[in-house]
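Working notes, beginning with the structure itself.
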Amino acid sequence: QRQWEQKEITTGRTINIDERVFQSSANKSFTSSDKNELSYSHNEIINQNENLLRIKNTIDNIKLNTNYFFDAKKNFYFNSMVSTVNQQGDNINFSRYQALENLTLKLPDNITFSSNYNFNLIRQQLNSVNQQSIQSSFEHKLYKSLFSRLFFDYSRINHSAYKENNTKI
């Protein structure tokens with residue numbers, strides 16, 4: 001538990017903050033090629049100003065990180081991060097689900113293939129956003145200072161107010 005008082009420099013207003021935090025994490029490897037971490041946090045935050053206006057928010061966050069190597073030289077690997085955040089309170093209700101996936105393959109002849117997938121789903125009282133993107137690239141390193149890259153990027157955004165699709169090569 002943490003408690004502190006902050007004073008605004010320009011107005012002199014005082015805000016009292018009372019925060020209770022619980023955090024936990026666990027690490028587990030199922031083979032010599034993987035590493036997994038699961039973490040959880042629960043925060044309760046109460047802000048009260050000098051007019052006795054009290055705002056309480058509760059935030060829960062769960063996250064799973066996974067790293068997996070397909071070979072002993074670690075030339076082929078996969079990284080994943082999946083998380084969810086849920087905030088409920090007097091001034092805002094918010095939730096986010098997020099997934100970030102990455103695959104990297106270091107191929108012969110100094111060629112590297114890399115691909116990423118990102119997913120975000122955010123919901124608030126008045127709007128929501130569903131965003132997905134894919135990036136992939138082939139990179140060839142001819143010299144230390146000279147390389148070429150073929151890059152592809154696609155993103156899609158579905159917002160409460162608009163939709164957007166982008167493709168770049």
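All residue numbers refer to positions in the sequence shown, counting from 1. Keep in mind the model is a prediction, meaning the values are calculated, not measured.
- Closest of all the heavy-atom pairs between Ile62 and Leu38 is CG2-CD1, 4.1 Å.
- The heavy-atom pair separating Ile122 from Phe94 by the smallest distance is CG2-CE1, 3.4 Å.
- Of the inter-residue distances, the one linking Asn79 atom CG with Asn65 atom CG reads 9.0 Å to the nearest 0.5 angstrom.
- Taking OG from Ser155 and CD from Gln131, the interatomic distance works out to 7.0 Å, rounded to the nearest 0.5 Å.
- A 4.5 Å side-chain heavy-atom check between Val85 and Ile59 finds at least one atom pair inside the cut-off.
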inquiry  = Does Thr104 form a side-chain contact (heavy atoms from CB on, under 4.5 Å) with Thr112? I'd like the steps, not just the answer.
reply    = CA-CA 7 Å; Thr104 301; Thr112 301; 4.0 Å; yes

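- Tyr68 and Met81 end up in different hydrophobic clusters when Ile, Leu, Val, Met, Phe, Trp and Tyr side chains are linked at under 4.5 Å.
- At most 12 non-hydrogen atoms from other residues, nucleotides or ligands lie less than 6.0 angstrom from CD1 of Ile9.
- Remark: the Asp71 side chain and the Tyr77 side chain contain no N/O donor-acceptor pair separated by less than 3.5 Å.
- Asn130 is listed as a side-chain neighbour of Gln132, based on a closest heavy-atom distance under 4.5 Å.
- Distance check, rounded to the nearest 0.5 Å: CZ of Phe78 to OG of Ser33 gives 14.5 Å.
- Using a 4.5 Å heavy-atom threshold, the side chains of Ile17 and Ile45 count as touching.
- For the pair Leu107 and Phe76, the minimum side-chain heavy-atom distance is below 4.5 Å.
- Residues Leu103 and Phe70 meet the side-chain proximity criterion, which asks for heavy atoms closer than 4.5 Å.
- The OH atom of Tyr162 sits 9.5 Å away from atom CG of Asn127, with the distance rounded to the nearest 0.5 Å.
- Looking at Ser137, its side chain never comes within 3.5 Å of a backbone N or O of Glu139 through a donor-acceptor pair.
- The shortest distance between side-chain heavy atoms of Asn165 and Thr167 does not fall below 4.5 Å.
- In this structure, Asn93 contributes its side chain and Gly89 its backbone to a donor-acceptor pair below 3.5 Å.
- Side-chain contact, Glu101 with Ser80: a donor N or O sits under 3.5 Å from an acceptor N or O.
- Between His42 and Tyr40, the ring planes lie parallel to each other; the angle is under 30°, not in the 30° to 60° tilted range.
- Judged by distance alone, the side chains of Thr66 and Asn36 do bring a donor and an acceptor atom under 3.5 Å apart.
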query = Under the side-chain contact (heavy atoms from CB on, under 4.5 Å) criterion, do Phe113 and Ser136 qualify, and how do the steps go?
reply = CA-CA 7 Å; Phe113 171 76; Ser136 294; 4.3 Å; yes

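- Side-chain polar atoms of Ser133 and Gln135 form a donor-acceptor pair below 3.5 angstrom.
- Rounding to the nearest 0.5 angstrom, the gap separating the NE2 atom in His140 from the CG atom in Asp109 is 6.5 Å.
- Taken from NZ in Lys28 to CG in Asp34, the straight-line distance is 9.0 Å, to the nearest 0.5 Å.
- Within the 4.5 Å cutoff, side-chain heavy atoms of Glu37 are placed close to those of Ser25.
- Inter-residue side-chain proximity for Ile157 and Val129 is flagged as met; some heavy-atom pair is nearer than 4.5 Å.
- Side-chain atoms of Ser160 come within 3.5 Å of backbone N or O of Ser128 as a donor-acceptor pair.
- Residues Asp90 and Asn57 approach most closely at N-OD1, 4.0 Å, considering heavy atoms.
- Donor-acceptor pairing under 3.5 Å is lacking for the side chains of Asn16 and Asp18.
- The same ILVMFWY cluster, assembled from side-chain heavy atoms under 4.5 Å apart, contains both Phe119 and Val82.
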query = Going through the checks in order, is the side-chain contact (heavy atoms from CB on, under 4.5 Å) test met by Arg96 and Ser83?
reply = CA-CA 8 Å; Arg96 180 187 74 211; Ser83 71; 4.1 Å; yes

